[in-house]
Amino acid sequence: MKKFEVNHTPYFMRDIAITLSVVWVILMFIICVTIMSKLIAVFLSLAILLIIIGIGCYIESRKTTVECNTEKIKWKWWFLEYTANFSDVESVHYTIVHERTRYGYNRRFEIVFYLKNSTELRLNDRLESDDIDNSINGNNDNIRLMQLYRFIENVCPEKCSGFVKNDTY
């Protein structure tokens, strides 16, 4: 059984980040209204903001463990565990996702599993600049999820559909 780690962060983490930001704004408002001293209110709101940022950075830095063999692929991020049995998979493809952020672009290599029960599982990993440069030159063997996709192609080639261009690319 192969075992490795990737920088996969589930999609719902964006919702959690937005929720924490809203909570921070509400807490800051409550602190400013209930505490008469503006200096204490500023320090408390900054402390809460730093705690929220610290928790967010810790959560995002958490790695996902991927295990695969000839029967299934399993990945686990903290307490969330996903399994794709090859007998249940209808098709598999990979894509590159581009997201515009405040400071530029995030790029992720993503493998999408379509299961027979109409479920869609996604496993992604952040791409670094070197990975993108190597992919443009035709050498994408250093990307861990590309190695995983090649493994899937060897196990069940009839289910693999290769690269699919998505709307963000």
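Position 1 is the first residue of the sequence, and the numbers go up from there. Since we're looking at a predicted model, the values are computed, not measured.
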Working to the nearest 0.5 angstrom, can you tell me the gap between [X] [atom1] and [Y] [atom2]?
X: F109; Y: Y149; atom1: CZ; atom2: OH; answer: 8.5 Å
X: F151; Y: I73; atom1: CZ; atom2: CD1; answer: 7.0 Å
X: L127; Y: M146; atom1: CG; atom2: CE; answer: 11.5 Å
X: C68; Y: K3; atom1: SG; atom2: NZ; answer: 12.0 Å
X: T19; Y: I52; atom1: OG1; atom2: CD1; answer: 10.5 Å
X: W77; Y: L123; atom1: CH2; atom2: CG; answer: 13.5 Å

Holding to side-chain contact (heavy atoms from CB on, under 4.5 Å), I want the full list of residues that pass it with [X], two or more places apart in sequence or in another chain.
X: E120; answer: V112, Y114, R122
X: D125; answer: V6, N7, L145
X: N154; answer: none
X: L46; answer: V42

- Item | Closest heavy-atom pair and its distance - H8, T64 |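 Taking every non-hydrogen atom into account, O-OG1, 2.9 Å.
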- Query: Which residues satisfy the side-chain hydrogen bond (donor to acceptor under 3.5 Å, both in side chains) test with T119, sequence neighbours excluded?
  - Reply: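 Per chain and number, T119 pairs via side-chain hydrogen bond (donor to acceptor under 3.5 Å, both in side chains) with N117.
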Going only through I, L, V, M, F, W and Y residues with side-chain contacts under 4.5 Å, is there a path from [X] to [Y]?
X: L50; Y: I26; value: no
X: Y94; Y: V164; value: no
X: F163; Y: I143; value: yes

Donor-acceptor pair, side chain of [X] and main chain of [Y], under 3.5 angstrom:
X: S161; Y: V92; result: yes
X: K159; Y: E153; result: no
X: N69; Y: E71; result: yes

- Quick one: does K74's side chain get under 4.5 Å of E81's, heavy atoms only?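 Yes, side chains in contact.
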- Item | Check: V97 and N124 side chains under 4.5 Å, non-hydrogen atoms |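 No, their side chains stay 4.5 Å or more apart.
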- Item | Full working for side chain to side chain contact (heavy atoms under 4.5 Å, CB included) between W75 and T83 | CA-CA 7 Å; W75 60 97; T83 303; over 6 Å; no
- Residue list, ring pair (Phe, Tyr, Trp, His ring centres under 6.0 Å) with F86, at least two apart or on another chain: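 Ring pair (Phe, Tyr, Trp, His ring centres under 6.0 Å) check on F86 returns nothing, list empty.
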- Item | Worked check of side chain to side chain contact (heavy atoms under 4.5 Å, CB included) between F4 and T65 | CA-CA 6 Å; F4 58 94; T65 303; over 6 Å; no
- Atom CZ of F43 with >12 non-hydrogen neighbours under 6.0 angstrom: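 No, the 6.0 Å shell around CZ holds no more than 12 heavy atoms from other groups.
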- Message: Would you call the rings of W78 and Y58 parallel, tilted or perpendicular, taking 30° and 60° as the class edges?
- Response: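 Ring orientation of W78 relative to Y58: tilted.
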- Mind running side chain to side chain contact (heavy atoms under 4.5 Å, CB included) on V89 and C156 for me, showing each step along the way? CA-CA 10 Å; V89 172; C156 50; over 6 Å; no
